[in-house]
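Structure first, then comments.
Proteins get letters first, then strands, A, B, ... in listed order; numbering begins at 1 in each. What you see below is based on every heavy atom in this structure, not just the backbone, and it leaves out hydrogens, waters and symmetry mates.
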2 protein chains.
Amino acid sequence: MKEIKKRSECPISFCLDFFGDKWAILIIRDMILNDKTTFGDFLRSDEGIATNILTDRLKMLETEGFIVRYPVSGKARIGYCLTEKGISLIPVIIEMALWGAAQNINGYRKEFGIQLKKDKAGVIKQLAMKLTEKYITIKSDMENNFLN
Amino acid sequence: MKEIKKRSECPISFCLDFFGDKWAILIIRDMILNDKTTFGDFLRSDEGIATNILTDRLKMLETEGFIVRYPVSGKARIGYCLTEKGISLIPVIIEMALWGAAQNINGYRKEFGIQLKKDKAGVIKQLAMKLTEKYITIKSDMENNFLN
DNA sequence: CAGGATCCCATAGGATACTG
DNA sequence: CAGTATCCTATGGGATCCTG
């Protein structure tokens with residue numbers, strides 16, 4: 001598994017050492033903005049991640065405490081959900097989205113960029129609430145199943 | 001020179017395709033937060049960038065319009081300065097710093113994180129003003145030298 | 001469908017020595 | 001001091017096939 005190497009005590013460098021991994025962030029993005037939860041969901045993103053890379057990054061994100069695995073019913077029997085630590089990345093992701101949208105005005109998410117500019121704090125709060133709620137539900141479900 | 005590959009139309013992916021380069025961001029960080037301007041300055045950062053990598057990234061950042069080279073007097077005859085495009089990265093850098101500081105509370109920049117939490121908008125504005133002023137001065141200097 | 005296993009190669013980037 | 005050049009190795013990651 002690709003491991004995170006801390007190169008210095010600088011918080012920005014620290015952030016980059018994790019965050020600099022392009023694939024990992026795209027998975028987080030998909031969870032935050034696109035409501036994706038399963039292996040297949042992530043696989044189908046436009047950037048075209050390979051299965052071995054996806055497996056690797058999901059493991060890494062789980063090991064580092066950004067996401068948790070949980071059982072689901074249906075064809076895909078595994079889901080992934082952001083933890084509090086994962087949710088804490090929302091502001092960084094949003095700031096990246098704003099910058100990317102500003103540079104890349106023809107991108108298909110121009111609307112999203114504009115919405116963000118209007119009400120960044122609101123969007124962040126709303127996303128965080130939604131994801132936290134989901135996380136809490138899943139956590140309690142898992143604890144209950146464990147007890148039974 | 002390492003080239004930037006755009007993998008999709010997503011603004012976050014777009015941001016990552018550039019921003020995901022850990023070395024490039026550390027150079028930008030040094031310019032924004034540590035007032036570094038010369039090759040030697042960047043070389044001396046804690047993360048220990050190699051000379052070939054540094055050269056490569058400086059070229060890339062210049063090509064992509066994030067920085068400009070300018071002549072200076074003294075031992076180091078070349079300086080680097082952020083353009084408007086480079087300055088536009090401040091909010092992303094700051095958000096990363098905040099996240100990094102929150103995760104890595106023992107880092108030597110805890111104080112910086114706390115200051116940021118108290119007055120993020122103010123810090124961003126102040127940094128942007130300072131850097132813009134510098135950029136404008138250097139730009140007009142260079143234009144004058146070119147005319148003479 | 002989730003993910004493991006393999007093969008294989010392009011390339012990032014460290015170390016080091018050199019130049020103007 | 002600001003790069004250049006070269007060598008060399010680790011590894012990221014694409015493609016493909018396999019399994020429970």
May I have the distance from [X] (atom [atom1]) to [N] (atom [atom2]), rounded to whole angstrom?
| X | N | atom1 | atom2 | answer |
| --- | --- | --- | --- | --- |
| A:Leu54 | D:dG12 | CG | P | 16 Å |
| A:Asp21 | D:dT11 | CG | P | 15 Å |
| A:Glu47 | D:dG13 | CD | P | 13 Å |
| A:Ile53 | D:dT16 | CD1 | P | 15 Å |

Contact state string [nucleotides 2-9 of chain D, B base, S sugar-phosphate only, - no protein heavy atom under 4.0 Å]: SBBBB---
Can you tell whether the side chains of [X] and [Y] come within less than 4.0 Å, N to carboxylate O?
| X | Y | result |
| --- | --- | --- |
| A:Glu95 | A:Lys120 | yes |
| A:Glu62 | A:Arg57 | no |
| A:Asp17 | A:Arg7 | yes |

Could you tell me whether the side chain of [X] and the main chain of [Y] form a donor-acceptor pair under 3.5 Å?
| X | Y | answer |
| --- | --- | --- |
| B:Thr38 | B:Ala76 | no |
| B:Thr37 | B:Gly79 | no |
| B:Asn144 | B:Ser140 | yes |
| B:Lys36 | B:Asp41 | yes |
| B:Asp30 | B:Asp35 | no |
| A:Lys85 | A:Glu64 | yes |

Leading and trailing nucleotides of DNA chain C with any atom under 4.0 Å from heavy atoms of chain A: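 The contact span of chain A on DNA chain C goes from C:dC1 to C:dT6.
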Within 6.0 angstrom of B:Lys125 NZ, more than 12 heavy atoms from elsewhere: no
The helix from C:dC1-D:dG20 to C:dG20-D:dC1: angle between end helix axes, five pairs per end, rounded to 10 degrees: 40°
